[in-house]
Each structure stands twice: as structure tokens, then as C-alpha cells.
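A quick write-up on the structure given underneath.
Order of the sequence lines fixes the chain letters, A, B, ..., with proteins taken first and strands second; residue numbering starts at 1 for each chain. Everything numeric here is computed off the predicted structure, so don't read it as measured data.
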2 protein chains.
Amino acid sequence: MRIGELAERAGTTTRTLRYYESLGLLPARRTGNGYRSYDEEDLRLLQQIRTLRDFGFELEETRPFVDCLRSGHPAGDSCPASLEVYRRKLAELDECIARLGAIRERVGTQLVRAERARAELETAATAPGGAPEPHCELAPPGQ
Amino acid sequence: MRIGELAERAGTTTRTLRYYESLGLLPARRTGNGYRSYDEEDLRLLQQIRTLRDFGFELEETRPFVDCLRSGHPAGDSCPASLEVYRRKLAELDECIARLGAIRERVGTQLVRAERARAELETAATAPGGAPEPHCELAPPGQ
DNA sequence: GTAGACCTTGACCCCGGCGTCAAGGCCAGG
DNA sequence: CCTGGCCTTGACGCCGGGGTCAAGGTCTAC
């Protein structure tokens, strides 16, 4: 199949597939006229990548899984390298959750304190405002 | 004081201060020769910004706090707009923590499953005796 | 008078993961 | 033959929060 069909079947875009190819993550064969050509196996690899990415894995982290599948294993996580990525990700998630929890505590404390301080000053009502979209991207040990 | 001194006292860089000014977050007066000039009040504002940023607030989110301080309030969170930011941040943090927790569960489950699958293969493939390192002889990269 | 430490503006670079043109090739249907 | 829909490569944009030059102005100390 060609790039457009693969993109559609995987629920992504052609731009994304070209990008993955540029990373060497999902190379494509070529037909006579230079068009990229993919098969069902490529669809599986791509699905593996997209699934992991939905979990918040970076593209580079999906590479062991893809290599694992390509080397003939039944699942992308059948190889030690993939398990290692799982473990690293777990540690990363734990640390991230702990950090966010600590911040949550401190912000919560600040809010209560500030609300109390205001209550003492005056009992004016605050106007409720619109609520923009909260966004959360799981960032690794970002420094 | 000039920009270098303020930066040093606040533990940041001159580049950062110029950046904040470009955002209109921390404007500076100018002396005759064009140098930026700051006072102790600016240091307080800057400290408020840096503190919130360390909590993971985006720069734009610190604006209400800075405005609050500048309008003469004793603390940056003495104004309703700041409290609103606190509340939004709490909700954001809660949602983020919950999402990460859910992912953590799923990744953990996957790891256990994959480890068990591998253990079955190992015991099936390796004869009785010592159990060496769970090392898989997969062709590294390049295939 | 000159070194050197400070200051100014402007401009490009970084990170990941693509979105979005732009200019042009290839192929099928009417 | 033309249109339209796919495909190709290349290149710039974006997001946040600055880092890091570059080229030059200003002030102080010796």
C-alpha cells in the first residue's frame, strides 16, 4: 500500500510517516516511480509506535519495541531492551507523579492560606471565570 | 540597581530579565544612558515570578500575581485572579496526576505480563540447572 | 588612554513532533 | 488533452524559556 492508505489505516498523517522514516524508525520500500510502499507488517510496526506514543513514550523509546517486532518476535515487548524501557518509564512516571503530588500539596496549602487571609480582609465574592483547557504532558525528569 | 545585579540577587540571568521585559511581565525604567534600572520592589516581583515558575507555573500564569503585587497588595496571591490561577492549577495537577497514575498502571501491567511471557519461554527453552542472566541474544541494531 | 567589566539591541539555536505550504512528478478518467 | 488526486522533496513555523553569539556603547580604574 502507499503512504496515504497506511496513514489513514493507522489514524495518522503522511507527514508523520515521512517523519518516522527520516528517523529511521519506519523505513519504506519504494516502487518504480519512487512512491513509498508499505505492507501489513509495517502497519503492525506503526501501530506499536502509535500505541506507545499514546502512553507518552517518546519516539526514540519506541525503537526497541519496533526492532523487537521486526526481528520476528510475536510482540514488541518480547525483548529485554523493551522491558528495560518499560522499567525506566515506570521509574520516570513514579518520580513525575511524586513531584506533581508534592507541588499539589504546596499549591493547595498556599490557596487555603491565601483564601483565609482574604476572608479576614473582606468577604467579597469573586466572579467565576471561564475555564480554559488544562493541559498535561508527561514530561520526563525535565530540568 | 542595574540588570546584572538584579539577576544575580534573584539567582537568574540578564537574558531572562530581558525576556520578561519583552513579555511586559517585568518592565524596567531606564537611566540616562539607556541602562535598565530596577529597585527593591522589582526584586520582589521577580522573586514572585521565579517562585511560581519553580512550582511549574507558566510565565503567563504568574502575571496575575505580579499585577497583584504591583497594585499594592501585601502578597501576590491576595487578589481573586491569583486565587483563580491557584484553583485552575490544582485542577490541572489533579488531572495530570490521575492520567499519569492510569498510565503507570497500564505500563506496570504490561511489564508484568511481558516478563511472565518471557519467563515461560526461558523455562521452556533452557534446560534445568542454573538460571543465568535473562539475556536475549537478539541481533543488536543493524538488522 | 586603554583595558575590562558592564550595558545595549538584534538575531539565530535548541528541544519534539509534527503542520503547512510550495513546486513539481505520476497516473487514471472523461 | 486536461483535470484532479495522489505522490515526491525541501523548507519554514510553532510552542516555552531562555542560551549564546555578535557588534557596539558606556563607565570606571589604573
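Between the side chain of B/Arg30 and the backbone N or O of B/Gly34 there is at least one donor-acceptor pair closer than 3.5 Å. Of the possible donor and acceptor atoms, none in the side chain of B/Lys89 sits under 3.5 Å from a partner among the backbone N and O of B/Glu84. No side-chain donor-acceptor contact under 3.5 Å links B/Glu105 to the backbone of B/Ala102. Panel note: side chain A/Ser82, backbone A/Gly76; a donor-acceptor pair is recorded below 3.5 Å.
For the pair A/Glu61 CD and C/dG16 P, the interatomic distance rounds to 11 Å; values are reported in whole Å. Across the protein-nucleic acid pair, B/Leu17 atom CG and C/dC6 atom P stand 15 Å apart, rounded to whole Å. Between B/Glu60 atom CD and D/dG16 atom P the separation is 8 Å, expressed in whole Å. Rounded to whole Å, the distance from CZ on A/Arg15 to C1' on D/dT8 is 13 Å.
Taking the centre of each ring, B/Phe55 and B/Tyr86 stay at or above the 6.0 Å mark.
Checking each of B/Gln47, B/Glu41, B/Gln48 against B/Leu45 for a side-chain contact (heavy atoms from CB on, under 4.5 Å) leaves exactly one that passes, namely B/Glu41. None of B/Thr51, B/Thr16, B/Leu17, B/Val66 except one satisfies the side-chain contact (heavy atoms from CB on, under 4.5 Å) rule with B/Leu46; the exception is B/Leu17.
You won't find any donor-acceptor pair under 3.5 Å spanning the side chain of B/Arg18 and the base of C/dT8, going by distance alone.
Listed nucleotides C/dG17, D/dG17, D/dG19 differ in distance to A/Leu59; the shortest reach to its side chain belongs to C/dG17. When distances are taken from the side chain of B/Tyr19 to each of D/dG16, C/dG19, D/dT20, the shortest belongs to D/dG16.
The closest side-chain heavy-atom distance from A/Arg9 to A/Glu40 is below 4.5 Å.
Between A/Arg18 and A/Glu21 no salt bridge is recorded (no basic side-chain N to carboxylate O distance below 4.0 Å).
The residue A/Arg53 sits close only to the backbone: its heavy atoms come under 4.0 Å of sugar-phosphate atoms, none of a base.
Near DNA chain C, defined here as any heavy-atom distance below 4.0 Å, the residues from residues 2-13 of chain B are B/Arg2, B/Ile3, B/Gly4, listed numerically. Of the residues in residues 21-40 of chain A, those lying under 4.0 Å from DNA chain C by heavy-atom distance are A/Asn33, A/Tyr35.
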